[in-house]
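Proteins get letters first, then strands, A, B, ... in listed order; numbering begins at 1 in each. Worth knowing before you read on, the calculation uses all heavy atoms, side chains too, and leaves out hydrogens, waters and symmetry mates.
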Amino acid sequence: MKNTGVLVQKEFREHSRNFKLYWIPIVFIILGIVEPVTNHYLPQIMESVGNLPEGSDFMWPQFQGTDIFVSLMGQYQLIGILIIILAFMGSISGERKSGTATLLYVRPMSFVSYFFSKWIVINAIVLGSLWAGFLAASYYIRILFGPVAFGDILKFVGTYSLWIVFAVTVVLTLSASLSTGAAAGLSILILFVFQVLDSVIGAFWTVSPWKLSIYATYPLQGDSVPTGYWMSLTLTVVLIVLLFILGAYMSKRNASKTTV
Amino acid sequence: MEELANIPWNLIMPILVLQLILAVVALIDVIRNKRTNGPIIMWVLIILLVGTIGPILYFVFGRRQT
Amino acid sequence: MTELLRVSQLSKIYGDNKVVDSMTFELVEKTSTALIGPNGAGKTTALSMMAGLVTPTEGTVLLKEEENKDSRASIGFLPQYPKFFPWLTAIEFTEMAARLSGVDSRIVQSEAQKTLEFVGLGDAMKKRIGTFSGGMKQRLGLAQAVVHKPKLLLLDEPVSALDPVGRRQVMNLLKELQQQTTILYSTHILNDAEEMTDQLLFLRKGELVENGSLSSIKEKYANPRILIEFESVEEAARFLSISTWTLASKNNFVSIDPSHQQIGMTEVLAALHADSFRIRKVEWQTANLEEIFMKVVMSS
């Protein structure tokens with residue numbers, strides 16, 4: 001593992017110089033601010049735009065701060081995960097295709113270090129962005145909707161973060177295993193289509209990584225710990241470990257496919 | 001329009017500033033790199049005119065990674 | 001004459017296609033070897049297997065090295081078209097390459113600088129690789145291949161993509177490296193091979209068809225002839241009628257194969273003089289490497 005540091009430095013330089021280190025957090029923070037602001041000022045915005053029928057006295061739902069956290073998570077579930085897929089689908093497959101990987105693979109480098117360096121740096125960028133987004137949202141929610149218990153936010157963000165690590169690991173492992181296009185397609189299937197399937201027919205089971213985003217909201221709803229919560233967390237951690245092993249193995253197996 | 005005046009701009013300001021940073025970073029990159037998927041002028045217009053999404057579209061689809 | 005590399009029965013089969021077919025050879029320390037063959041002969045695949053990039057279908061590549069050491073640390077590899085991360089500077093890339101290959105972190109910076117200066121990129125080391133020209137990339141490729149002082153340098157067509165000036169410069173660099181390390185390089189340009197080689201490997205359709213020193217291969221295939229040009233066809237005919245040697249003739253030319261007849265230039269000149277033949281030219285001809293290449297590699 002002595003080469004891990006060099007490879008981590010390379011990944012950080014890469015994402016700093018292709019600006020992912022900057023634009024991804026900015027987008028997550030913008031989402032985190034826009035969500036409470038639009039929800040709070042929606043009635044006024046609609047009135048000022050003025051396309052409500054004359055004299056109508058529309059009742060806007062009274063949102064709580066906790067609702068905004070949940071709806072912001074909805075934004076991250078769609079836009080956030082789409083960004084993760086699009087920004088990182090070529091992390092390994094792209095290096096193979098362009099041939100830039102060749103001059104790494106001919107060196108005495110462990111593929112566990114190689115995969116780990118990408119995994120840790122992408123997770124750092126994505127989790128940092130996610131936390132910055134939720135932090136900005138917390139500030140705005142506190143001003144516009146009133147405070148939400150910090151412990152509840154922490155539990156919520158903590159659970160949701162594990163799902164995000166799962167999403168990153170899925171994308172990276174697929175990038176190690178397949179071409180960039182196939183990795184993107186399969187990532188969308190696993191992270192979006194399976195999510196929909198799980199919510200449609202998932203009433204029959206309680207343990208699944210795709211339920212983590214719903215389970216994550218329990219502290220905000222004032223609910224008790226849902227059945228299957230701890231098992232889902234455990235299963236997701238196990239899946240992340242298995243995907244990591246598969247990803248490191250596949251990067252090594254596909255090393256000879258690099259363009260020479 | 002007095003409803004708009006009621007909106008506290010100091011809360012909205014950070015959004016505008018972040019969007020500006022995003023657009024400026026994208027523009028600097030597009031001008032310095034000069035290599036895009038598709039015509040460069042198209043990407044400049046997208047960055048300038050398509051709001052928050054414009055710079056993101058550029059970073060994800062317009063930017064040549066290698 | 002210490003042996004450094006032993007390649008035995010090395011094969012790579014993709015489907016029905018034997019790209020490299022039971023290649024066996026040895027390399028001696030601090031020698032240069034040219035791997036010669038036409039495009040598609042399997043040169044790149046063979047080098048990729050030796051570099052540890054492609055797993056052989058059969059056979060082994062054995063580098064004489066301390067036990068329990070990753071042999072890739074002792075190999076430097078330059079692909080035909082090296083690809084770099086365009087967002088790194090030359091010095092950043094070379095330092096990364098050195099670190100990954102196990103160069104002591106205290107000397108990484110100075111070693112990388114020295115190597116870049118050696119290949120002539122001293123002034124450009126802080127520039128991003130994305131701005132480099134093809135020739136600069138080729139030199140950076142050489143720098144990353146030698147920065148960790150490998151025992152074996154594998155170079156895939158190191159100069160064929162360069163213009164004549166760049167090619168001369170890189171050839172000179174390679175000649176300097178020749179003193180310090182063992183070089184195996186592929187090429188389809190025979191002038192390069194003739195200029196810098198101790199050993200020649202001829203590859204045809206994945207098969208090693210010839211293996212030997214430049215002089216031994218030249219001797220084997222050179223096919224020397226003595227060619228006489230007479231002033232007229234009649235003179236040539238007169239010579240044919242009195243000579244006891246095995247000859248071939250065409251018009252006013254006569255050619256003699258000296259190899260099996262124990263004759264040389266002296267005997268031929270004496271015979272021509274004795275009967276005062278009127279001649280224009282007598283020439284000793286041998287095939288050059290290009291003709292040998294055509295004969296060995298292109299046949300069948």
Side-chain angles (χ1 to χ4, degrees), chain A residues 14-38 40-50 79-80 82-91 93-101 132-133 136-137 139-144 180 184 259, chain B:
Chain A
E14 169 161 15
H15 294 309
S16 157
R17 289 172 194 182
N18 65 22
F19 297 105
K20 281 176 193 156
L21 193 56
Y22 313 112
W23 72 259
I24 295 175
I26 291 179
V27 173
F28 273 73
I29 294 170
I30 289 179
L31 290 172
I33 300 177
V34 166
E35 198 63 23
V37 169
T38 48
H40 187 262
Y41 290 104
L42 202 55
Q44 276 161 284
I45 293 166
M46 294 307 278
E47 260 175 65
S48 73
V49 171
I79 302 170
L82 206 57
I83 286 175
I84 294 173
I85 295 174
L86 291 173
F88 299 112
M89 61 192 180
S91 292
S93 50
E95 281 188 356
R96 269 201 305 261
K97 184 155 186 283
S98 70
T100 50
Y139 177 74
Y140 274 78
I141 288 168
R142 190 182 181 86
I143 293 175
L144 299 172
T180 303
T259 310
Chain B
M1 292 301 282
E2 65 265 30
E3 293 92 345
L4 276 182
N6 290 337
I7 293 175
W9 289 106
N10 58 341
L11 285 184
I12 312 261
M13 214 42 159
I15 304 177
L16 302 176
V17 170
L18 286 172
Q19 287 193 0
L20 189 71
I21 295 174
L22 213 52
V24 168
V25 169
L27 273 181
I28 291 173
D29 188 50
V30 89
I31 288 163
R32 220 180 57 165
N33 240 356
K34 289 195 182 68
R35 292 190 312 157
T36 48
N37 299 316
I40 186 166
I41 187 71
M42 175 185 88
W43 285 109
V44 172
L45 291 176
I46 287 175
I47 291 165
L48 288 174
L49 303 176
V50 196
T52 318
I53 308 291
I56 302 172
L57 287 176
Y58 165 69
F59 282 124
V60 173
F61 299 108
R63 193 172 197 286
R64 284 253 178 100
Q65 302 299 338
T66 46

note = To the nearest 0.5 Å, atom CG of B/L45 lies from atom CD1 of B/I41 at 5.0 Å
inquiry  = For B/L11, is there any backbone N or O sitting under 3.5 Å from a side-chain donor or acceptor partner on A/Y140?
reply    = yes
ask   = Would B/R63 and A/N18 satisfy side chain to side chain contact (heavy atoms under 4.5 Å, CB included), going step by step from the backbone distance to the final call?
value = CA-CA 9 Å; B/R63 193 172 197 286; A/N18 65 22; 3.5 Å; yes
ask   = If you measure from CG on A/L21 to CD1 on A/I26, what distance do you get to the nearest 0.5 Å?
value = 10.0 Å
remark   = Highest number of heavy-atom pairs under 4.5 Å with chain B among A/I30, A/I33, A/I83, A/I29 belongs to A/I30
Pairwise distance CD1(A/I24) to CZ(B/F59) - rounded to 0.5 angstrom = 10.0 Å
request  = Please state whether the side chain, the backbone, both or neither of A/I79 comes within less than 4.5 Å of a heavy atom of chain B.
outcome  = neither
task = Give, as side chain, backbone, both or neither, the part of A/V34 having an atom under 4.5 angstrom from any heavy atom of chain B.
result = both
message = Tell me whether A/T259 contacts the main-chain N or O of A/S98 through its side chain, where contact means a donor paired with an acceptor under 3.5 Å.
response = no
ask   = Is the side chain of B/W43 donor-acceptor paired with the backbone N or O of B/N37 at a distance under 3.5 Å, no angle test?
value = yes
query = Which residues from residues 23-30 of chain B are near chain A, with near meaning under 4.5 Å between non-hydrogen atoms?
reply = B/V25, B/D29
